[in-house]
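Below is one structure; the comments refer to it alone.
Keep in mind that this is a model prediction, so the values were computed, not measured. Below, read A as the first sequence line, B as the second, and so on, with proteins coming before strands; counting in each chain starts at 1.
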Amino acid sequence: MSRFEPREIEPKWQSAWEEAGTFTAVRDEAKPKYYVLEMFPYPSGNLHMGHVRNYTMGDVVARYKASKGFSVLHPMGWDAFGLPAENAAMDKNIHPGAWTYQNIESMKSQFAALGLSLDWSREFATCDPEYYGQQQSMFIDFMEKGLVYRKNAVVNWDPVDMTVLANEQVEDGKGWRSGAPVERRELTQWFFKISDFSEELLEALDGLDNWPDKVKLMQRNWIGKSRGLQFAFSTIDAPEGFDRIEVYTTRPDTLNGASFVGISPDHPLAKALEKDNPELAAFCAECRKMGTSEEEMEKAEKKGFDTGLRVRHPFDTAWELPIYVANFILMDYGTGAIFGCPAHDQRDFEFATKYDLPINAVFTETDAEDAPLAEAFVPAKTEAVKFVRGFAGEDVQTGEQAIDAAVDFCESNGIGQGVTKFRLRDWGLSRQRYWGCPIPVIHCDDCGVVAEKKENLPVKLPDDVNFDKPGNPLDRHPTWRNCECPKCGKPALRETDTMDTFVDSSWYFARFTSPGCATPTDATEAEYWMNVDQYIGGVEHAILHLLYSRFFARAMQICGHLPPKAVEPFDALFTQGMVTHEIYQTRDENNRPVYHLPTDVEDGKLKATGEAVEIIPSAKMSKSKKNVVDPVSIVSTYGADTARWFVLSDSPPERDVEWTAAGAEASYKHLSRVWRVANDIATAEGEGTGDDDLLRAMHKAIHDVTMGIESFGFNTSVAKLYGYANALQKSKAGAATKRQAMMVMAQLMSPMTPHLSEEIWALLGGEGLIANAPWPIADEAMLVEDTVTMPIQINGKRKSEVSIPKDMPKEEVEKLALADDAVVKALNGGAPKKLIVVPGRIINVVI
RNA sequence: GCCCGCGUGGUGGAAUGGUAGACACAGGGGACUUAAAAUCCCUAGGCAGGAAUGCCGUGCCGGUUCGAAUCCGGCCGCGGGUACCA
């Protein structure tokens, strides 16, 4: 008998599929289509276990759906723009494009070895001018439809490297390379008007029945629709033009608990006051040293500066409140000014305690007295509370009722207006970097900002750039900026900002439907292939990537690039868990962290130098932390089928998995065993016993494995296949039955271990490729059990069991249960308090 | 900080209101073998016990229910996101 040799059989079947064009997607109007897509990878150069897991899952779905008679589209491409290529350019003196395309080539060969059912004829990289040219064309369409605009926004500025930093490049408020304290700098930037779609993006979530609830919830919270009151405090002796301060609050019912007004350091009033107040100016400067990330802002110690100015409370002109400039108030949200109610907001509470401001409860628990608070009292808005400083509505009411009553009161008394606001901000897409899609606009002294002519697209990146100093090479390129104004023909300058890489990944799924098309999409192809029936990717993309893609689908539809049905481009979403791994870290001479690949570490020490590494517990595998594992070695040792089987077994797909080398061996052993059993069966002859049992096991396996795949429970499908393999191996059934059972096993395994399955299929005389064979169907009649074992509980604890015919009437089951030895003993002659019989499941005797 | 998840034997996990630990890994014992590898068989949550069996047990505390890993409330720990990592 031949050995199980993945190295021989895997390339053989990969060639067979390629020659037959098995995975080339064909638009066939006679067949139902199925578009399965995994989030495309960043071409780091190395496939890691997260990729293997992600793409194997998609492959299982793609192969399964093909065998169910669908015309399957399963494409692959590269999310190829981004920071790492520029970092490589600086570190290794290699052009970002060369680095990226080299990585694509090497990753593609690693992909090939996995035997994925991908249609490579549709491959593209987002850094291909053919792709980003179409993106530029759409940007111009978006401009025409008013979906793009410019405004000022702050960035992290490294004053030493003279460059803009990503949030990731800021460590402890310092630039990662220069170590210089980062400053906030305001630049004119490009924005997409995603906020025009806030309401729609929110409401449409309700229709996404096949998205995980957690993702929809995260998006809902991110969009952050709130109803509140906008009103103005009148100021006392404020500089000219600041007679009033507009504030927005979601808790107008707590107005009588107000003890201060807070404004952002970027608020116009703060800017006006700091001119004549050096101390305030110093405070604002301090605030502006903070990075731009929300996380950093919120985690920082809450600080304020008393401007000395006062406002009058809208209900009582004698009641004055101080105005503080506070570091935790965002200019981007609401009006950049708030009133603080320390009794019912923990952040305000801490602020008031620190600056010795009054803390007056507006409401208490319904049965509590109005006593001093040790912390803010923040009940759910749906909970009824007793108002002790209320001004509208009942004394006892819920927060929701009180807010509505407060808004009504303020509106009818001319104090303010009820307004709806969204937390979602417009999408800033400008990046001051080289390796991205150039924004196709031109700055003309006479005509202003003008879109490039479409016939001049793509606006290609220049190749002759260098990275010997930080900053944007496009900015300092000697000639690239020079061009003619598309409107008046005079000399003008190109925009040097490039686009956020999220733009690239917001429409690639649409491009896959017609990747060579001279327009962004082809209407016929998009109509046939859209939407993505199953999208699979990491939960880390739950908000930004998916929200941006939903926006893009709408914008593309407005511009005629997608059919109306594609406004929600992903019918079903599955978020796989991450593959995690320990991080190995040392420190450089400046005490900054240096990360090391697992392959460079042995027994907690660097192989090269013996230096001890600090081990940081499991975290998401990331290129920057270098805690990645190379699956190529597993594939070359055990074969792709083993790697695929391994990543599908054990861990539920949605859960994180810690990568471990143990288990690959076990997967290999199992596949070898299946191979051996198949070979035994291939040469077996004659009759046997227990054919019916084996057939029942077969139909059960068909049913269970199919259910597992349908419900994304691949690990349970694998477990059922282990059980079925055990049953088949032990079976004494006749040769014909065993052959049939083994061929079904090969089919059930084929989405997971396609090479081995083809080999067994061919060995046992299967017709054609197993990849083209129709999925087996379970015979329902073979799934029914005649008798069932019912556990008997006494007071909810299992004490006994009884075997009964499946359809025994409830009364007889009750009789049998009461006659059970354990029950008789426990009852001790008495009668049960209650007797619960759940047919087919359980009997519970309550004593 | 805020939003969203997750937590079950030595390990990965199964069970999503009904027999907790399926299926595997590592472990222990045995068969085959001159021996080893490979393979096959048995065993296996913890504690007590010779066994029958009993008690405990799904991060912690409390609640709902005839019955809770599962539902609810409060904590603890870990992870993801936090708008320029992708």
- prompt: Can you tell me how far C1' in rA69(B) sits from the matching atom in rU8(B), rounded to whole Å?
  reply: 7 Å

field: Span that lies between the C1' atom of rC60(B) and that of rG7(B), in whole angstrom
entry: 11 Å

Using a heavy-atom cut-off of under 4.0 Å over every strand shown, decide if [X] touches base, sugar-phosphate, or nothing.
X: Arg220(A); answer: nothing
X: Ser430(A); answer: base
X: Glu296(A); answer: nothing
X: Lys299(A); answer: base
X: Trp427(A); answer: nothing
X: Ile836(A); answer: base
X: Phe502(A); answer: base

N/O (side chain, [X]) to phosphate O (OP1/OP2, [N]) under 4.0 Å:
X: Ser651(A); N: rG13(B); result: yes
X: Arg655(A); N: rG7(B); result: yes
X: Lys797(A); N: rC56(B); result: yes
X: Thr501(A); N: rA86(B); result: yes
X: Asn715(A); N: rG12(B); result: no

Measure the distance from [atom1] on [X] to [atom2] on [N] and round it to the nearest whole Å.
X: Trp222(A); N: rG80(B); atom1: CH2; atom2: P; answer: 16 Å
X: Arg798(A); N: rA15(B); atom1: CZ; atom2: C1'; answer: 15 Å
X: Arg431(A); N: rA86(B); atom1: CZ; atom2: P; answer: 8 Å
X: Phe714(A); N: rC23(B); atom1: CZ; atom2: P; answer: 22 Å

Shortest side-chain distance from Gln793(A), nucleotide among rA20(B), rA86(B), rC85(B):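 The answer is rA20(B).
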
- request: Select one nucleotide: of rC55(B), rC40(B), rA83(B), the one nearest the side-chain heavy atoms of Lys799(A).
  value: rC55(B)

Check: rG12(B) base within 3.5 Å donor-acceptor of Asp650(A) side chain: yes

field: Side-chain donor/acceptor contact of Glu295(A) with base of rC2(B) under 3.5 Å
entry: no

query: Can you tell me if Thr163(A) and Asp158(A) form a side-chain donor-acceptor pair at under 3.5 Å?
result: no

- request: Please work out which residues in residues 840-847 of chain A have a non-hydrogen atom less than 4.0 Å from an atom of RNA chain B and list them by number.
  value: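 Heavy-atom contacts with RNA chain B come from Arg841(A), Ile842(A), Asn844(A), Val846(A).
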
query: Sequence neighbours excluded, which residues qualify as salt bridge (Lys or Arg N to Asp or Glu O under 4.0 Å) partners of Asp500(A)?
result: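 Applying salt bridge (Lys or Arg N to Asp or Glu O under 4.0 Å) to Asp500(A) gives Arg431(A).
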
- prompt: Where does RNA chain B pair, written as one dot-bracket string 5' to 3', with Watson-Crick or G-U pairs under 3.5 Å, ( ) inside the strand, [ ] for crossing pairs and | for another strand?
  reply: (((((((..(((.....[....))).(((((.......))))).((((....))))..(((((..]....))))))))))))....

